[in-house]
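The next block holds one structure in the form of structure tokens; read it before the comments.
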There are 2 protein chains.
Amino acid sequence: MNTQQLTQEVTQLHADLCAALADPNRILLLYALAEKPRTVNELTAEIGILQPAASRHLKVLREHGLARATRLGQHVEYSLVDPRLIDALDTLRAVLRDSLARRANLMNEME
Amino acid sequence: MNTQQLTQEVTQLHADLCAALADPNRILLLYALAEKPRTVNELTAEIGILQPAASRHLKVLREHGLARATRLGQHVEYSLVDPRLIDALDTLRAVLRDSLARRANLMNEME
DNA sequence: TCGAGATATAAGTTTATGCGAATAACTTTA
DNA sequence: TAAAGTTATTCGCATAAACTTATATCTCGA
């Protein structure tokens, strides 16, 4: 396997990771988990989605190694694996904020 | 517009931004632009995709405020708008690296 | 071990996105 | 202004991902 192929493989995984973040419900789930571990029921209630949706999204996060599931009796508690994920999301939100601000300025200057 | 709705709007934009990163070719384009501004032709050659594909991906980056296009004669030069985007991508890559390392360790321990 | 609560999965549909090929539009030079 | 080079768009197809509803699985307590 040459370097070019390796780069492509890694870049594909990098993109897959971004795809795992590209859903508003999963972002809300991650920020909720960043506060403290929670059960599926708690997460479902907190972000206001149906239980099967929460379960599916949590599965995506699990499969990408972003969240970890632990059974506690009849509940399953999810927790955030790597807090740097929140750093990355926060940075992206800052980029977004400035991007929107630039657009707003453009709008003002047009008047 | 209440706070709940506002949070959802922002979270949707946050997810849209992540979706813009969720493609290997766009990630390669962003890292290339992080080095220095380049024309479409140069980018096309550097990451080895067809020209229409490069143009389409660059349009996505433009529309999300991540890249900026400047016409230089018959060329169009693209540049990275916000270097913090690369910080975020680097952080995600570090998260990915550790995630893969954990999986590799699990595999070893199973033997 | 049976019922209830908690979580996960399946099915079917809809929506979105990427690609390749063809072509259009814009800019400079002859 | 016609030709050549550069970049952008369109079209048709294929793949993938999300949602809702229904159902299955798992765990605990009676």
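What's counted below: heavy atoms across the whole structure, side chains too, no hydrogens, waters or symmetry copies. Chain A is the first sequence line, chain B the second, and so forth, proteins listed ahead of strands; every chain is numbered from 1.
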- Base-contact (B) and sugar-phosphate-only (S) positions in nucleotides 19-30 of chain C, heavy-atom cut-off under 4.0 Å, - elsewhere: BBBB----BS--

- Message: Could you work out, with salt bridge (Lys or Arg N to Asp or Glu O under 4.0 Å) as the rule, every residue matching B/Glu63, not counting sequence neighbours?
- Response: none

- Task: Rounded off to whole Å, could you give me the CG-to-C1' distance for the B/Leu61 and C/dG18 pair?
- Result: 14 Å

- Using a cut-off of strictly less than 4.0 Å, decide whether A/Lys59 has a side-chain nitrogen or oxygen near OP1 or OP2 of C/dT9. yes

- Task: Decide yes or no for B/Leu33 and B/Ser79: does some side-chain heavy atom of the first lie under 4.5 Å from some side-chain heavy atom of the second?
- Result: no

- Message: Strictly below 4.0 Å, N to O, side chains only: are A/Glu77 and A/Arg38 in salt-bridge contact?
- Response: no

- Item | Side chain proximity check, A/Leu21 to A/Leu30, heavy atoms < 4.5 angstrom | yes

- Query: If we only count heavy atoms from C-beta on, is the B/Pro37 to B/Leu80 side-chain gap below 4.5 Å?
  - Reply: no

- Phosphate oxygens OP1/OP2 of C/dA6: is one of them under 4.0 Å from a side-chain N or O of A/Tyr78? no

- Item | Straight-line distance of B/Ile49 CD1 to B/Leu29 CG, nearest 0.5 Å | 5.5 Å

- Message: Do A/Leu72 and A/Thr39 make a side-chain contact, defined as non-hydrogen atoms from C-beta onward lying under 4.5 Å apart?
- Response: no

- Task: State, to the nearest 10°, the angle formed by the axis through the first five base pairs of the helix from C/dT1-D/dA30 to C/dA30-D/dT1 and the axis through its last five.
- Result: 20°

- Query: Taking side chain as C-beta onward, heavy atoms only, is A/Tyr31 less than 4.5 Å from A/Ile47?
  - Reply: no

- Keeping to residues at least two apart or across chains, list the side chain to side chain donor-acceptor pair (under 3.5 Å) pairs with something in residues 48-57 of chain B. B/Arg26-B/His57

- Query: For the atom pair CD1 (B/Ile86) and OG1 (A/Thr91), what is the distance rounded to the nearest 0.5 Å?
  - Reply: 12.0 Å

- Task: With a 4.0 angstrom cut-off to heavy atoms of chain A, pull out the first and last contacting nucleotide of DNA chain D, in 5'-to-3' order.
- Result: D/dA18 to D/dC28

- Interatomic distance where CG belongs to A/Leu58 and P belongs to C/dA6 [whole Å]: 16 Å

- Item | Beyond-backbone contact of A/Arg84 with A/Asp87, side-chain heavy atoms, under 4.5 angstrom | yes

- Query: When you measure from every atom of DNA chain D, which of residues 29-44 of chain B have a heavy atom less than 4.0 Å away?
  - Reply: B/Thr39, B/Val40, B/Asn41

- Item | Qualifying residue for side chain to side chain contact (heavy atoms under 4.5 Å, CB included) with A/Leu96, from B/Asp82, B/Leu17, B/Leu66, B/Asp16 | B/Leu17

- Can you hop from B/Leu85 to B/Ile27 via hydrophobic side chains spaced under 4.5 Å? yes

